[in-house]
Amino acid sequence: MNEESFNTYDFLINDEDEAMLLLYAREGSPDNPVFEIDTDNKSALLIRNDDDSVSLNDIPDEILDSLQDADKLLVCELSMSENEKDTQITYAYEAEITD
């Protein structure tokens, strides 16, 4: 996969209006992750650990609305595989939401 695919992410919202972030697994494990939201710019920064963060841009309004009342965001980092059937969850964790 190319570098652009590696930076792909998506959000899901469940029936209880709770958002979950899906992205490809990155180097190093998450440690005290924080999700900083910038609602004015429809963007966010996922700080995974002291050495790694992920910028997320063009976040849809319905996701921002769902995150507005939440304290934490569930994050699932997926293994990168050529065959979708081989994709697995590498890390699943909650990131504290700040704004």
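Just so you know, these numbers come straight off a predicted model, no measurement behind them.
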### Message
Could you work out, with side-chain hydrogen bond (donor to acceptor under 3.5 Å, both in side chains) as the rule, every residue matching Asp38, not counting sequence neighbours?
### Response
Asn41

### Message
If I take atom CG from residue Asp71 and atom CZ from residue Phe35, how far apart are they, to the nearest 0.5 angstrom?
### Response
14.0 Å

### Message
Could you tell me if the side chain of Leu56 sits less than 4.5 Å from the side chain of Leu45, heavy atoms only?
### Response
no

#### Entry: Set of side-chain hydrogen bond (donor to acceptor under 3.5 Å, both in side chains) partners for Lys72, sequence neighbours left out
none

### Task
Quick one: closest heavy-atom pair of Glu16 and Asn14, and the distance?
N-OD1, 2.9 Å

### Task
Find the distance between OG (Ser29) and CG (Asn49) and round it off to the nearest 0.5 Å.
7.0 Å

### Query
Would you say Asn57 has more than 12 foreign heavy atoms packed within less than 6.0 Å of its CG?
yes

## Note on the structure
On a heavy-atom basis, the closest approach of Pro33 and Tyr93 is CG-CD1, 3.4 Å

### Task
Scan for salt bridge (Lys or Arg N to Asp or Glu O under 4.0 Å) pairs involving residues 41-50, sequence neighbours excluded, and state none if there are none.
Lys42-Asp61, Arg48-Asp52, Arg48-Glu77

### Message
Membership question, hydrophobic clusters at under 4.5 Å side-chain separation (ILVMFWY): are Tyr9 and Val54 in the same one?
### Response
yes

### Message
Strictly distance-based, threshold 3.5 Å: is any side-chain N or O of Ser53 a donor or acceptor partner for the main-chain N or O of Leu46?
### Response
no

### Query
Can you tell me how far the CE atom of Met20 sits from the CD atom of Glu94, to the nearest 0.5 Å?
12.0 Å

### Message
With rounding to the nearest 0.5 angstrom, report the CG to CD distance, Asp17 to Glu62.
### Response
10.0 Å

### Query
Between Ala19 and Leu73, which heavy-atom pair has the shortest distance, and what is it?
O-CD1, 3.3 Å

### Summary
Output for pair (Phe11 CZ, Ile59 CD1), nearest 0.5 Å, gives 4.5 Å

### Message
Is there a path of hydrophobic side-chain contacts, each under 4.5 Å between heavy atoms of I/L/V/M/F/W/Y residues, joining Leu21 to Ile63?
### Response
yes

### Message
Minimum heavy-atom separation for Val75 and Ala95, please, with both atom names.
### Response
CG2-CB, 4.3 Å

### Message
Quick one, Ile89 and Leu78 - any side-chain contact, counting heavy atoms below 4.5 Å?
### Response
yes

### Query
How long is the span from the CD atom in Gln88 to the CE atom in Met80, to the nearest 0.5 Å?
14.5 Å

### Task
Decide yes or no for Ile37 and Leu64: does some side-chain heavy atom of the first lie under 4.5 Å from some side-chain heavy atom of the second?
yes

### Task
For Tyr91 and Cys76, run side-chain contact (heavy atoms from CB on, under 4.5 Å): C-alpha distance rounded to whole Å, both residues' side-chain angles, the deciding distance at 0.1 Å, then the answer.
CA-CA 6 Å; Tyr91 300 108; Cys76 289; over 6 Å; no

### Test item: Leu67 and Ile97 side chains (from C-beta on) under 4.5 Å apart, heavy atoms
yes

